Amino acid sequence: MEASEKFIKEHPTLGEAGKLFVFFPGYTFGNEENRFALFFIVNRTTTTIDRDGSFVLNLEYDGEPLFKDVTVDYEVSESGVLKPNTAAAIPIKITKEQEEKMKGMNDSSKAKMSFNDFKFKDK
């Protein structure tokens, strides 16, 4: 929690007021069998996200899709409760090929990402 609050304080203009925002800061990790890209979700709403949800993620770089209509699960047990004006890390499983392409993303003007349809899961 402290890290997410610090992150928001260091990047106060990240995201748009009243909305959720997802971004990729460039971090990947893992081993041969399990590779992950670390995304952040930023809550700029007035609502606390205190239960599991999901959203659809698209990411392309230089016109080439890296993620297309990928459903991402937000799990409170993994990423924590997301209070207003905080951020949480979401690891997303990737392939070695995706990791190589993501590591080559060095020009943000060529990256295009969309995040849609955040929905809470039934309790």
Side-chain angles (χ1 to χ4, degrees):
M1 185 67 172
E2 286 178 30
S4 66
E5 288 174 355
K6 181 180 176 195
F7 185 86
I8 292 293
K9 285 179 184 169
E10 291 174 359
H11 303 89
T13 60
L14 191 63
E16 187 177 332
K19 295 188 177 186
L20 293 173
F21 176 72
V22 174
F23 73 101
F24 174 64
Y27 306 125
T28 62
F29 62 95
N31 56 34
E32 281 302 311
E33 291 85 38
N34 292 300
R35 296 174 188 279
F36 296 89
L38 191 63
F39 286 77
F40 280 93
I41 184 169
V42 179
N43 184 0
R44 291 291 191 187
T45 73
T46 57
T47 303
T48 296
I49 298 174
D50 58 359
R51 58 187 169 127
D52 295 348
S54 66
F55 58 89
V56 176
L57 180 69
N58 288 285
L59 174 63
E60 67 179 53
Y61 185 74
D62 203 15
E64 184 177 346
L66 298 173
F67 293 97
K68 182 153 178 63
D69 297 328
V70 173
T71 299
V72 176
D73 292 320
Y74 181 83
E75 297 177 3
V76 171
S77 63
E78 187 174 293
S79 298
V81 171
L82 188 59
K83 293 183 180 179
N85 295 310
T86 62
I90 301 176
I92 298 176
K93 192 164 177 126
I94 57 173
T95 64
K96 184 175 184 176
E97 293 76 24
Q98 284 173 309
E99 181 179 43
E100 289 170 1
K101 290 176 184 174
M102 293 174 94
K103 285 186 174 183
M105 292 173 55
N106 52 16
D107 182 350
S108 62
S109 70
K110 294 181 179 180
K112 184 178 173 185
M113 184 165 55
S114 67
F115 151 80
N116 303 302
D117 302 328
F118 186 90
K119 295 179 183 148
F120 284 112
K121 294 185 179 179
D122 293 333
K123 285 187 176 182

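All values below were derived from every heavy atom in this structure, side-chain atoms included, with hydrogens, water molecules and symmetry-related copies excluded. Bear in mind that the values here come from a model prediction, so they are computed numbers and not experimental data.
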| Test side-chain contact (heavy atoms from CB on, under 4.5 Å) applied to Val22 and Phe40, Phe55, Tyr74, the passing residue | Phe55
| Ile49 side, atom CD1; Asn43 side, atom CG - distance, nearest 0.5 Å | 4.5 Å
| Roughly how far apart are Asp122 CG and Asp52 CG, rounded to 0.5 Å? | 11.0 Å
Please list, one pair per line, the donor and acceptor atoms closer than 3.5 Å that link side chains of residues 102-111 to other protein atoms, with sequence neighbours excluded.
unit_1, atom_1, unit_2, atom_2, d
Asn106, OD1, Tyr61, OH, 3.3
Asp107, OD1, Ser109, N, 3.0
Asp107, OD1, Ser109, OG, 2.6
Asp107, OD2, Ser109, OG, 3.3

| said: Tell me every residue that passes salt bridge (charged side-chain N to carboxylate O under 4.0 Å, His left out) with Glu16, counting only those two or more places apart in sequence or in another chain. | reply: Lys19
| said: Quick check: closest heavy atoms across Leu38 and Pro91, and the distance to 0.1 Å? | reply: CD1-N, 4.0 Å
| said: Quick check for you: to the nearest 0.5 Å, what is the distance between Asn34 atom CG and Ile94 atom CD1? | reply: 11.0 Å
| said: Applying a strict under-4.5 Å side-chain criterion to I, L, V, M, F, W and Y, I'd like to know whether Val72 and Val56 cluster together. | reply: no
| Excluding sequence neighbours, so at least two apart, what forms salt bridge (charged side-chain N to carboxylate O under 4.0 Å, His left out) with Glu32? | Arg35
| said: Restricting to non-hydrogen atoms, name the atom on Asp50 and the atom on Val76 that form the minimum distance, rounded to 0.1 Å. | reply: C-CG2, 3.7 Å
| Nearest heavy-atom pair of Ser79 and Ala88: which atoms, and what distance? | O-CB, 3.6 Å
| remark: Residues at least two apart in sequence or cross-chain that pass ring pair (Phe, Tyr, Trp, His ring centres under 6.0 Å) with Phe36, listed by chain then number, are Phe29
| Side-chain contact, heavy-atom cut-off 4.5 Å: Thr47 with Pro84? | no
| Is the shortest heavy-atom distance from the side chain of Phe39 to the side chain of Phe67 under 4.5 Å? | yes
| field | Inter-residue atom distance Ile41.CD1 - Leu57.CG, 0.5 Å rounding | value | 10.0 Å
| task | Using a 4.5 Å cut-off on heavy atoms from C-beta on, say whether the side chain of Leu20 contacts that of Arg44. | result | no
| task | Identify the heavy atoms of Lys121 and Gly53 that sit nearest to each other, and give their distance. | result | CE-O, 3.7 Å
| said: Quick test of your reading: applying salt bridge (Lys or Arg N to Asp or Glu O under 4.0 Å), list the pairs with at least one residue in residues 54-67, sequence neighbours left out, ordered by first then second residue. | reply: Glu64-Lys101
| message | Whether the side chain of Thr28 engages the backbone of Ala37 through a donor-acceptor N/O pair (distance < 3.5 Å, no angle test) should be reported. | response | no
| said: With rounding to the nearest 0.5 angstrom, report the CD to CD distance, Glu97 to Glu100. | reply: 6.5 Å
Report all side-chain donor-acceptor pairs from residues 113-120 shorter than 3.5 Å, counting only partners two or more places apart or in another chain.
unit_1, atom_1, unit_2, atom_2, d
Ser114, OG, Asn58, ND2, 3.4

